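Just below is one structure, and these are the notes that go with it.
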Amino acid sequence: MTAPDPEVPVITIDGPSGSGKGTIARRVAEALDMHLLDSGALYRLVGLAATRQGQVGAGEAEIAAIAADMNVRFSMNDAGEEQVWLGSEEVSSELRTEECGLMASRVAALPAVRKALLGLQKGFRRAPGLVADGRDMGTTVFPDARLKIFLTASAEERARRRHKQLNDKGIDVSLAALSRDIEDRDRRDSERSVAPLRPADDARLLDSSNLTIEEVTQTILDWAQELD
Ligand code: DC
């Protein structure tokens, strides 16, 4: 693989789970015809791969080795939905489960795992540009990004969105249990010592609690245009 080109523009969209990062990042990437990096999927993949190899309780070095060895590929299906491949297997729906999210949050707290995924993430920086979504895209992975967004929404609103998403899929979970999970995950992600969830010093904060997907997307596109 050729080295990532530092001239290629990057837009980072970081924030807590349920802030709408994934949807917004996809829309912004489509509108600007840029590549997309869903970094959360990489942490979810490490969790999934470790589980499958019976290594959930393994030490940091073993899990980092799994991360370094993963054969990952992203593609898009005809409906425009992201597909994630682990080797020759399409694992997108498995990755979205709460169980995988929990595993991801645990492996993401291991410094050696974050280090193992760094090169892979930087490799997504290809012309004409990249929209990267995650927790530490603006602080650690692409500190020289042209535009950094920190997207938030109240915990209540995030739980409500997740509840609707699961309900639409016919999955029945209580709103209270989801709120608790979201708050637990936020705490773990922002209190960990390595790459904690926090806005980069030069990030623009955007609260999506009372905005539609279109409004959030347009705000980011306007900001991107101001910088052109
Ligand atoms: O965005 P997501 O829900 O798919 O992320 C899954 C987990 O991975 C989440 O608990 C935080 C972690 N993560 C991270 O630590 N750093 C990133 N850049 C992306 C995700």
Side-chain angles (χ1 to χ4, degrees), residues 1-45 70-86 90-92 95-96 104 108 114 117-153 161 165 195 197-208 211-228:
M1 197 163 72
T2 49
D5 181 351
E7 296 299 315
V8 170
V10 179
I11 296 176
T12 58
I13 305 183
D14 290 305
S17 35
S19 57
K21 285 175 303 166
T23 307
I24 302 295
R26 183 154 38 81
R27 298 246 182 150
V28 171
E30 273 166 16
L32 298 176
D33 212 9
M34 286 183 168
H35 298 287
L36 179 66
L37 166 60
D38 170 5
S39 63
L42 299 180
Y43 288 94
R44 288 170 183 265
L45 275 171
M70 287 189 314
N71 179 4
V72 184
R73 194 163 57 82
F74 288 86
S75 63
M76 203 73 99
N77 68 12
D78 292 339
E81 294 156 347
E82 177 187 75
Q83 292 183 303
V84 190
W85 301 77
L86 185 59
E90 209 261 293
V91 292
S92 324
L95 287 191
R96 299 313 329 158
R114 305 200 71 87
L117 292 179
L118 206 53
L120 179 62
Q121 295 175 90
K122 287 181 188 282
F124 279 77
R125 186 174 200 165
R126 291 188 304 267
L130 176 69
V131 179
D133 112 54
R135 304 292 192 289
D136 61 340
M137 298 295 99
T139 49
T140 309
V141 183
F142 302 107
D144 61 337
R146 172 189 288 191
L147 174 62
K148 299 180 185 178
I149 313 287
F150 195 79
L151 192 62
T152 57
R161 288 177 189 169
Q165 228 174 33
L197 173 66
R198 63 165 179 82
D201 292 339
D202 50 352
R204 300 194 193 200
L205 302 188
L206 185 50
D207 184 339
S208 72
L211 298 176
T212 63
I213 291 172
E214 288 72 23
E215 287 167 333
V216 177
T217 307
Q218 196 51 53
T219 304
I220 297 177
L221 291 175
D222 290 345
W223 284 342
Q225 203 172 23
E226 276 170 23
L227 297 172
D228 273 345

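No experiment lies behind these values; they were computed from the predicted model shown.
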Check: Arg125 side chain, Val8 main-chain N or O, donor-acceptor pair, under 3.5 Å: yes
State which residues pass salt bridge (charged side-chain N to carboxylate O under 4.0 Å, His left out) with Arg135; sequence neighbours excluded, sorted by chain then number. Asp189
Within the side chain of Asp14, is there an N or O that forms a donor-acceptor pair under 3.5 Å with the backbone of Phe150? no
Counting neighbours of CD on Glu214 that are heavy atoms of other residues, nucleotides or ligands and sit closer than 6.0 Å, is the number greater than 12? yes
Going by heavy atoms in the side chains, are Leu36 and Glu30 under 4.5 Å from each other? no
Output the distance between atom CG (Leu32) and atom CZ (Arg27), rounded to the nearest 0.5 Å. 13.5 Å
Tell me whether Ser208 contacts the main-chain N or O of Ser19 through its side chain, where contact means a donor paired with an acceptor under 3.5 Å. yes
With Ser75, which of Glu81, Gln83, Glu82 fulfils side chain to side chain donor-acceptor pair (under 3.5 Å)? Gln83
Any side-chain heavy atom of Asp5 within less than 4.5 Å of one from Arg126? no
Nearest 0.5 Å, please: how far is CG in Leu211 from CG in Leu206? 6.5 Å
Answer yes or no: is there a side-chain heavy-atom contact under 4.5 Å between Met34 and Leu130? no
Asp201 atom CG: more than 12 heavy-atom contacts under 6.0 Å: no
Side chains of Arg204 and Trp223 in contact at under 4.5 Å (non-hydrogen atoms): yes
Gap separating the CD1 atom of Ile220 from the CG atom of Leu151, nearest 0.5 angstrom: 6.0 Å
Residues which pass salt bridge (charged side-chain N to carboxylate O under 4.0 Å, His left out) with Asp202, listed by chain and number, not counting sequence neighbours: Lys148
Donor-acceptor pair, Gln218 side chain versus Glu215 backbone, under 3.5 Å? no
Does any N or O in the side chain of Lys21 come within less than 3.5 Å of the main-chain N or O of Gly15, such that one atom is a donor and the other an acceptor? yes
Where Arg161 and Gly20 come nearest, the two heavy atoms and their spacing: NH1-N, 4.2 Å
Checking Arg146 against Val10 for the side-chain contact (heavy atoms from CB on, under 4.5 Å) test, could you report, in this order, the C-alpha distance in whole Å, the side-chain angles of both residues, the deciding distance, and whether it holds? CA-CA 6 Å; Arg146 172 189 288 191; Val10 179; over 6 Å; no
With side-chain contact (heavy atoms from CB on, under 4.5 Å) as the criterion, how do Ile13 and Val131 come out once you've worked through the C-alpha distance, each side chain's angles and the decisive distance to 0.1 Å? CA-CA 7 Å; Ile13 305 183; Val131 179; 4.0 Å; yes
If every non-hydrogen atom of Thr140 is compared with every non-hydrogen atom of Pro143, which pair is closest and at what distance? O-CD, 3.4 Å
What pairs with Arg26 under salt bridge (charged side-chain N to carboxylate O under 4.0 Å, His left out), at least two apart in sequence or on another chain? none
No-hydrogen, no-angle side-chain donor-acceptor test under 3.5 Å, Arg44 and Ser39: no
Can you tell me how far apart CG (Leu227) and CG (Leu147) are? Round to the nearest 0.5 Å. 5.5 Å
Any heavy-atom pair between the side chains of Leu117 and Tyr43 that's under 4.5 Å? yes
Rounded distance (nearest 0.5 Å) linking atom CG of Leu42 with atom CG of Leu118: 11.0 Å
Would you confirm whether Asp38, through its side chain, and Ala41, through its main-chain N or O, come within 3.5 Å as a donor-acceptor pair? yes
Is there a donor-acceptor pair under 3.5 Å between the side chain of Thr12 and the backbone N or O of Ala132? no
More than 12 heavy atoms from other groups under 6.0 Å of CG on Asp144: yes
In Å, rounded to the nearest 0.5 Å, how long is the span from CG of Leu45 to CG of Leu86? 5.5 Å
Test side-chain contact (heavy atoms from CB on, under 4.5 Å) on Val141 and Asp136 and set out the steps. CA-CA 6 Å; Val141 183; Asp136 61 340; 4.0 Å; yes
Closest approach of Ala25 and Asp133, non-hydrogen atoms and distance? CB-CB, 3.7 Å
